[in-house]
Amino acid sequence: MAARLLGRPWAAAEGLGRLPGGCWGPGSGGGVRYNRGVFKARMRPLERAVLRAWRDEQRNVRKYGIARFNKRWRSWAQNRVRQFRFPLPVTLTADTSLMDATYVMRCVQKAASLRKHDVKLWFGYSKRLLELRDELTAEQLGYVLWGYGKSSFVDANFYQEMLPVVKLKLQGFQSHALMSLMWCLKRLKWYDAELNRRAAQHSLEIIEHLRPSDFIKVANALAQLGLQDRGLKEALCRVAVEKLEETFAQQFRDAMHPVTIGYLWNDEVTAYILERFRRIFITARPMHLQKAYESAVVSRIQKPEVWPRLSQDSKSFYVRLSQRHISDRGRRPSSVQRDVSRHLADLGEAHRNSFRWGPLYIDIGLEQLEVDERRRCLMVDSPSSFFFSSDQYLPYKRLQHSLLTSLGWDVRRVRWDEWLELPDAQRKREFLQQLLSGSRPIAEELKDRPAVPVSELQDKLRRFKSWKLELEAAERQTEKIDFEI
């Protein structure tokens with residue numbers, strides 16, 4: 001009824017006398033009606049919010065005009081309101097031991113939608129879900145994974161025991177469940193080569209029933225999780241253009257992603273995405289424009305045959321995009337980066353922290369040029385630069401390193417596990433002097449080291465968290481101003 005009201009706001013007035021309860025209102029609710037019209041209608045909170053949003057939209061349309069405001073508001077509305085809502089009233093704080101599979105699934109979805117970040121609550125849900133994991137259907141698993149991805153709740157034990165169940169029931173995953181699975185794994189940075197391969201294969205099997213917006217999210221997740229199978233990549237490229245043709249402008253703008261263009265799509269799909277984005281950029285927000293700028297740079301460097309395929313209007317569009325101001329919140333240096341910066345200052349190295357160079361961010365840029373007039377920079381790799389519980393780089397970090405080195409930067413990297421092993425300031429300065437000596441080849445690839453055991457890595461992570469807390473406490477103590485005379 002709420003959707004019908006948004007589409008035909010005059011319909012309520014037309015059927016005023018025919019609705020039960022003696023007055024109009026969403027859900028045919030009752031009310032008090034007098035001879036001259038409706039005095040008061042009973043409405044549910046969700047319906048009241050929808051009508052209020054519609055009235056605000058109409059008021060702003062009359063005040064500011066229809067052209068841009070309509071696109072902006074509908075973009076917010078479509079992404080904010082879930083397309084699928086499970087109509088089951090639940091109490092989030094109910095006893096989890098009394099919940100069945102449907103009830104706990106709805107609790108997870110509702111807690112994630114309302115942004116409930118109570119750790120005790122989520123641990124209780126995780127425990128109950130593991131007890132009921134064999135009873136969960138493929139559709140319910142999709143809703144559960146969406147909730148865990150939305151909340152960003154990280155419990156390694158939960159995923160290690162739940163993902164084998166997901167693999168067994170993967171063939172029953174439909175469009176929404178498959179999208180939720182890959183989106184959750186991408187948010188967690190969880191690397192599972194077998195699951196990535198099987199998810200890509202299943203996407204191709206149900207491609208006719210896969211919604212275009214879900215196809216975009218699955219493809220982006222596969223690229224960011226490091227899909228390596230060349231045959232599956234080629235198969236996805238063959239169906240990509242036809243699937244993207246089914247999208248509307250606001251759905252298509254999410255297809256513009258630098259990692260997907262760099263590591264998944266071929267030249268044909270890349271040219272189609274770059275060409276079409278120029279025609280729908282009016283619906284893009286700053287984050288989409290930033291990704292479009294970076295994607296154009298990726299295609300120019302890694303796919304040199306794509307640029308000649310573009311029309312002159314598209315080439316001019318991306319040139320102008322590189323010259324326009326794209327609003328961005330910027331990035332603040334992390335505590336580890338500030339620690340590296342302090343020791344560089346002790347060495348007398350003039351440098352600059354956290355700045356954007358073109359579409360890319362640089363952690364620490366050194367002012368002194370090399371002999372061949374290349375600039376040097378330091379990239380500080382925190383645990384978020386790697387896959388979850390791993391010391392293997394994310395594909396985006398590989399892409400960033402490749403772009404910077406191809407564009408003339410001499411990139412040096414400070415890994416968190418190496419920095420953690422340096423006991424004092426003298427050892428840290430010696431490490432930086434050795435790191436900055438010599439030069440690196442142009443277009444150098446970022447290579448991983450042999451993987452360390454998980455138990456050893458987890459021990460390092462615990463030590464790193466403790467050391468980081470001590471470092472931040474020392475910084476706050478240093479910055480504290482004493483106003484006592």
Side-chain angles (χ1 to χ4, degrees), residues 117 119-120 122-123 151-160 187-191 330-355 361-366 376-394 396-398 400-401 411-437 446-482:
H117 298 302
V119 177
K120 184 179 179 180
W122 283 96
F123 271 115
S151 65
S152 298
F153 176 71
V154 179
D155 181 10
N157 179 63
F158 172 78
Y159 292 103
Q160 289 171 356
R187 296 260 295 179
L188 293 172
K189 303 174 184 176
W190 189 282
Y191 181 72
R331 294 184 183 178
R332 295 178 61 86
S334 64
S335 56
V336 182
Q337 183 178 336
R338 290 192 295 269
D339 190 37
V340 175
S341 176
R342 282 192 292 268
H343 290 88
L344 280 175
D346 293 340
L347 292 174
E349 289 283 354
H351 60 278
R352 180 184 176 190
N353 282 314
S354 291
F355 61 96
Y361 270 96
I362 293 178
D363 291 340
I364 300 177
L366 303 180
R376 294 178 298 170
C377 67
L378 285 177
M379 305 299 289
V380 181
D381 296 325
S382 62
S384 61
S385 301
F386 306 90
F387 285 108
F388 180 79
S389 292
S390 171
D391 61 347
Q392 308 299 300
Y393 279 104
L394 292 169
Y396 178 73
K397 291 297 178 179
R398 296 173 181 273
Q400 181 193 53
H401 187 93
V411 183
R412 318 295 174 94
R413 310 198 76 90
V414 179
R415 294 171 55 116
W416 68 272
D417 49 357
E418 292 180 341
W419 194 253
L420 180 65
E421 299 299 331
L422 302 175
D424 52 24
Q426 181 62 30
R427 291 286 300 277
K428 291 179 179 179
R429 287 193 289 269
E430 293 175 358
F431 171 81
L432 291 175
Q433 286 177 335
Q434 183 179 1
L435 182 66
L436 295 176
S437 62
L446 181 59
K447 297 182 180 180
D448 283 318
R449 300 175 183 177
V452 301
V454 177
S455 58
E456 180 182 347
L457 184 63
Q458 290 178 346
D459 180 65
K460 287 185 177 181
L461 282 171
R462 284 191 290 268
R463 291 166 48 202
F464 177 75
K465 290 179 181 178
S466 301
W467 172 80
K468 187 176 179 181
L469 290 175
E470 295 175 359
L471 182 62
E472 292 174 350
E475 289 180 347
R476 287 193 297 268
Q477 190 66 27
T478 304
E479 295 174 357
K480 185 177 180 181
I481 302 176
D482 188 3

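One is the number of the first residue; the rest follow in order along the sequence. Predicted, not measured: the structure shown is a model, and the values here were computed from it. Heavy-atom basis, side chains included; hydrogens, waters and symmetry copies ignored.
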Any [X] side-chain heavy atom under 4.5 Å of [Y] side chain:
X    : Y    : value
L378 : V411 : no
F386 : Y393 : yes
C377 : L366 : no
R412 : M379 : no

Report the residues that fulfil side chain to side chain donor-acceptor pair (under 3.5 Å) with Q426, sequence neighbours left out, ordered by chain and then residue number.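 Listed in chain order: R429, E430.
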Tell me, please, which residues at least two apart from S334 pass side chain to side chain donor-acceptor pair (under 3.5 Å).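 If we apply the side chain to side chain donor-acceptor pair (under 3.5 Å) test to S334, skipping adjacent residues, there are no hits.
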Apply ring-ring contact (aromatic ring centres under 6.0 Å, His included) to [X] and list each qualifying residue two or more places apart in sequence or on a separate chain.
X    : result
H343 : W419
F388 : W190
F387 : Y191

For [X] against [Y], the heavy-atom pair lying closest together:
X    : Y    : result
S385 : K397 : OG-CE, 3.4 Å
D391 : P450 : OD2-O, 3.7 Å
S389 : L457 : C-CD2, 3.3 Å
G330 : Y361 : CA-OH, 3.3 Å
S341 : H351 : OG-NE2, 2.6 Å

Is it the case that H117 and S151 place a side-chain donor and acceptor less than 3.5 Å from each other?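 The answer is no; no qualifying pair exists.
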With distance as the sole criterion, is a donor-acceptor pair present between the side chains of R187 and S152 under 3.5 Å?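 R187 vs S152: donor-acceptor pair found between side chains.
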Return the set of residues passing salt bridge (charged side-chain N to carboxylate O under 4.0 Å, His left out) with [X] (not counting sequence neighbours), or none when no residue passes.
X    : answer
D381 : R413
E470 : none
R398 : D448
R342 : D339, E475

Going by side chain to side chain donor-acceptor pair (under 3.5 Å), name the pairs with one or both residues in residues 457-469, residues two or more places apart or in two chains.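 Qualifying pairs, neighbours excluded: E421-R463.
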Mark yes or no for whether N353, through its side chain, and I364, through its backbone, hold a donor-acceptor pair below 3.5 Å.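 Not at all, since once roles are kept as given, no pair shorter than 3.5 Å links the two residues.
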Any sub-3.5 Å donor-acceptor pair from R427's side-chain atoms to L422's backbone N or O?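 Checked: no pair found.
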Side chain to side chain contact (heavy atoms under 4.5 Å, CB included) for K428 and Q433? Distances and angles first, verdict last. CA-CA 9 Å; K428 291 179 179 179; Q433 286 177 335; over 6 Å; no
Contacts of P453 that satisfy side chain to side chain contact (heavy atoms under 4.5 Å, CB included) - sequence neighbours left out: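 For P453 the side chain to side chain contact (heavy atoms under 4.5 Å, CB included) partners, ignoring immediate neighbours, are S455, E456.
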Pairing residues for F123 by the side chain to side chain contact (heavy atoms under 4.5 Å, CB included) criterion, not counting sequence neighbours: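 Checked F123 against side chain to side chain contact (heavy atoms under 4.5 Å, CB included); matches are V119, F153, D155.
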Derivation of the side chain to side chain contact (heavy atoms under 4.5 Å, CB included) call for V340 and D363: CA-CA 10 Å; V340 175; D363 291 340; over 6 Å; no
Straight-line distance of I362 CD1 to Q400 CD, nearest 0.5 Å: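 Rounded to the nearest 0.5 Å, the CD1-CD separation comes out at 8.5 Å.
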Test applied, side chain to side chain donor-acceptor pair (under 3.5 Å); reference residue, S354; option that passes from R338, Q337, R331, R332: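 The residue from R338, Q337, R331, R332 that satisfies side chain to side chain donor-acceptor pair (under 3.5 Å) with S354 turns out to be Q337.
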When you look at W416 and V336, which way does the side chain to side chain contact (heavy atoms under 4.5 Å, CB included) test go after all the steps? CA-CA 8 Å; W416 68 272; V336 182; 5.6 Å; no
Between Q392 and R449, does the side chain to side chain contact (heavy atoms under 4.5 Å, CB included) criterion hold? Intermediate values first, please. CA-CA 7 Å; Q392 308 299 300; R449 300 175 183 177; 5.7 Å; no
